[in-house]
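Since the structure comes first, as structure tokens, the remarks are kept for the end.
Chain letters run A, B, ... following the sequence lines, proteins first, then strands; residues in each count from 1.
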2 protein chains.
Amino acid sequence: MTVQLSEASCTSSGAANSVLLAFTSKTARQIRGYGECFPCALLLAEAPPEQHADFDALVHDQDFGHSEVLYRATAPVDAVHFIQMGAVKLVRTGPTGEQRIVRVLKTGDSAGTESIFSQTYEHTAIALGDVRVCSIPVALFLKLVAGSGRTQMWLLQKSLTALNDVETWLLQLAGGSVSSRVRIARLMLKLCADNEGHIHRLPLKEMGAIVGLVEETVCRVISEFDRQGIIAKDGSGSVFGQRYFRGNIPALKKIAHEP
Amino acid sequence: MTVQLSEASCTSSGAANSVLLAFTSKTARQIRGYGECFPCALLLAEAPPEQHADFDALVHDQDFGHSEVLYRATAPVDAVHFIQMGAVKLVRTGPTGEQRIVRVLKTGDSAGTESIFSQTYEHTAIALGDVRVCSIPVALFLKLVAGSGRTQMWLLQKSLTALNDVETWLLQLAGGSVSSRVRIARLMLKLCADNEGHIHRLPLKEMGAIVGLVEETVCRVISEFDRQGIIAKDGSGSVFGQRYFRGNIPALKKIAHEP
DNA sequence: CGCTCCGTTGAAACGAATCAATGAAGGTGG
DNA sequence: CCACCTTCATTGATTCGTTTCAACGGAGCG
């Protein structure tokens, strides 16, 4: 039996060029049970059979709780992680110690692959809420990648998507002539968790670290949105309400397109 | 005769992981005369002989003058360009029309490769000063890449380097809590043309488009640097003086590390 | 010569950072 | 179970930096 497995079911951002990524084989789930994780399925499907044992021995699931560290900048690169569930922030530290969140990874993204050619990680990766990942030692990962053109193309595509994301980030969120109000509206649109208006809720300080604003300013803007009924602090009191906003997406989009 | 050809001689930013890129063969210059251009040399060395004719027919040098457009955002992707000489700015346009320079490419970088999986370009690429590039139709490029794992790894590495650059850009230059003075000092360090203190001189408005400041503010800061003797408007009057500043690099570095 | 583009400078308006103080929530240990 | 402590969110008053508006001079060009 042959089955088409496309990344569309796994990725969150951008329209994947599925021509390159669809592959025909037994589904990964059938192969070994890594079906939940597209990258693992791809790697396994492309690996020569004699490496399957390595794979089983070295690849493992890992769970992280809120604000736990997946890896730390300047630490030696030991593994790459594929996010099966949850969100992860990538933090950079500047020459004078200033910190800034440069990306937020969601389900289907990979963490650490930026650094596979470096000696040390370039970011600190921190879980936002509960996170489940597949971890692969970097040595094995490199071996598997080297042997598979398809995996290389997949990685390349992921990397280009990430590049695109960061540039969009830079354009739309980073300071400059755009008002705080607009920047935060744009940020909220980026942090959408679904199509129901659920928005990942970060601490105000973290939002500030993304858009380059101070905690208090973020608070003021969000309070204003709240007063205008554009967002609500979903089920205040419940755990849910501390993890998500509920937002009026069209209204936010309108603001995001203001000057 | 076998010769090691490493990209170190071609790239400008970051320490290339030459293990991956060094390849053993006749040098490209010997092969066909594309030796000046590392990517062409690589592609040609990796291409099967029957494609060499295509290569000769379709790959050609191209020159651009100051502020000429290499390609335009939203236009269909037709070719990728390897910069042999000069500098190119990549401009993005936001939802509300705001423009921002997200990267500046220099000799050894490639333009357009970000978009090889897209239908349309993501940036507008504009020459800064005189530029010479090698242009390859994207269809041929994709064919060559698909057939060569080494080229894929090279592209991947380039892409990761670009990602790294943009994130650094975002962290260090984009607004937020960093003062205009520091941001511009950092920008000037990025625009260094050599080790003699020559700095690429962009119109004030363009500098503003990079760091997210208004023309006038940039002017004030630069005037201040001038008054303090940190930079000079190299040989005012000469063509040279309109293309470069002369800067006191250590002094600029000192400012760049201020809070 | 008049035109436009670019750089330059000043004065005033605005927005965000800063400083400061308070309240709500969660965790800890008695 | 409650007092304590820490962290996070909130709000106000003030200060500071950057934008905005405006005006002018110089360079290049038709």
Side-chain angles (χ1 to χ4, degrees), chain A residues 65-67 96 98-100 126 128-129 173-185 187-188 200-228 231-245 255 258-259, chain B residues 65-67 96 98 100 128-129 173-185 187 201-228 231-245 255 258-259:
Chain A
H66 183 62
S67 77
T96 59
E98 72 262 29
Q99 295 208 327
R100 186 131 180 183
I126 300 177
L128 300 172
L173 302 180
S177 38
V178 198
S179 72
S180 58
R181 178 184 164 79
V182 172
R183 297 225 295 282
I184 290 180
L187 172 59
M188 296 201 140
H200 284 289
R201 179 171 191 168
L202 279 59
L204 299 180
K205 203 165 185 179
E206 310 232 314
M207 295 204 187
I210 296 178
V211 292
L213 293 171
V214 150
E215 194 180 2
E216 294 95 319
T217 307
V218 176
C219 180
R220 282 182 238 270
V221 173
I222 290 184
S223 299
E224 189 197 331
F225 285 170
D226 190 15
R227 259 177 273 122
Q228 298 175 338
I231 61 144
K233 291 147 188 177
D234 215 357
S236 342
S238 77
V239 182
F240 216 65
Q242 298 169 3
R243 292 262 193 270
Y244 297 96
F245 291 115
I255 295 171
E258 282 170 7
Chain B
H66 183 62
S67 78
T96 59
E98 72 263 29
R100 185 129 182 186
L128 299 172
L173 302 179
S177 39
V178 199
S179 72
S180 58
R181 177 183 164 80
V182 172
R183 297 226 294 281
I184 290 181
L187 173 61
R201 180 172 190 167
L202 279 59
L204 298 181
K205 204 165 185 177
E206 310 232 315
M207 295 203 187
I210 296 178
V211 292
L213 292 170
V214 154
E215 193 180 4
E216 294 94 320
T217 307
V218 177
C219 180
R220 282 182 239 270
V221 173
I222 291 185
S223 299
E224 189 197 331
F225 286 170
D226 191 15
R227 260 176 271 122
Q228 299 175 338
I231 61 143
K233 292 147 188 179
D234 216 358
S236 341
S238 76
V239 182
F240 216 67
Q242 297 169 3
R243 290 263 194 271
Y244 297 97
F245 291 115
I255 295 171
E258 284 170 6

- Query: Whole-Å distance between dA16(C) C1' and Lys205(A) NZ?
  - Reply: 17 Å
- Ignoring backbone atoms, establish whether Lys233(B) has a side-chain N or O less than 4.0 Å from OP1 or OP2 of dT8(C). yes
- Task: Mind listing the closest non-hydrogen atom pair of Arg183(A) and Val211(A) along with its distance?
- Result: NH2-O, 2.9 Å
- The residue, Arg183(A) or Arg227(B), whose nearest nucleotide of DNA chain C is more 5′ is Arg227(B)
- Pick base, sugar-phosphate or nothing for Ser179(A), based on heavy-atom distances below 4.0 Å to the nucleic acid. sugar-phosphate
- Sugar-phosphate only, base, or nothing, as touched by Gly208(A) at under 4.0 Å among non-hydrogen atoms: nothing
- Message: Please pick, from dA17(C), dT18(D), dT8(C), the nucleotide with the shortest atom-to-atom distance to any side-chain atom of Val214(A).
- Response: dA17(C)
- Considering residues at least two apart in sequence or located in another chain, which fulfil the salt bridge (Lys or Arg N to Asp or Glu O under 4.0 Å) criterion with Glu216(B)? none
- Message: According to side-chain hydrogen bond (donor to acceptor under 3.5 Å, both in side chains), who are the partners of Glu224(B), at least two apart in sequence or on a separate chain?
- Response: Arg181(B), Gln228(B)
- side-chain N/O Thr217(A) vs dG15(C) OP1/OP2, d < 4.0 Å: no
- Have a look at Ile222(A) and say if it touches a base, only the backbone sugar-phosphate, or nothing, with a 4.0 Å heavy-atom cut-off. nothing
- Task: Would you name the heavy atoms of Ile222(A) and Met188(A) that are closest together and state the gap between them?
- Result: CD1-CE, 4.0 Å
- Query: Rounded to whole angstrom units, what separation is found between the CG atom of Leu213(A) and the P atom of dG15(C)?
  - Reply: 14 Å
- Interatomic distance, Tyr244(A) atom OH to Ile231(A) atom CD1 [nearest 0.5 angstrom]: 15.5 Å
- Heavy-atom pair of closest approach, residues Asp226(A) and Lys233(A): OD2-NZ, 3.2 Å
- Checking only heavy atoms, does the side chain of Arg220(B) share a donor-acceptor pair with the base of dT20(D) at less than 3.5 Å? yes
- the helix from dG7(C)-dC24(D) to dG30(C)-dC1(D): angle between terminal helix axes, five bp per end, to the nearest 10 degrees, reads 40°
- By nearest nucleotide on DNA chain C, pick out whichever of Ser177(B) and Cys219(B) is the more 5' one. Cys219(B)
- Item | Distance in angstrom units between Ile184(B) CD1 and dG7(C) P, rounded | 13 Å
- Message: Rounding to an integer number of Å, can you tell me how far Glu216(B) CD sits from dT9(C) P?
- Response: 12 Å
- Query: For Glu215(A) and dT11(D), what is the distance between atoms CD and P respectively, to the nearest whole Å?
  - Reply: 13 Å
- Interatomic distance where CD belongs to Glu224(B) and C1' belongs to dG7(C) [whole Å]: 17 Å
- Query: Hey, is the side chain of Glu206(A) pairing donor to acceptor with the base of dC8(D) inside 3.5 Å?
  - Reply: no
- Query: Looking only at heavy atoms, what is the nearest atom pair of Val218(B) and Ile184(B), with distance?
  - Reply: CA-CD1, 3.8 Å
- dA9(D) P sits how many Å from Leu202(A) CG, rounded? 10 Å
- How many angstroms lie between atom CZ of Arg220(A) and atom OG of Ser180(A), to the nearest 0.5 angstrom? 10.0 Å
- Item | dT9(C) phosphate, OP1 or OP2, under 4.0 Å from Ser223(B) side-chain N/O | yes
- Item | Whole angstrom value for the distance that separates P of dA25(C) from NE2 of His66(A) | 17 Å
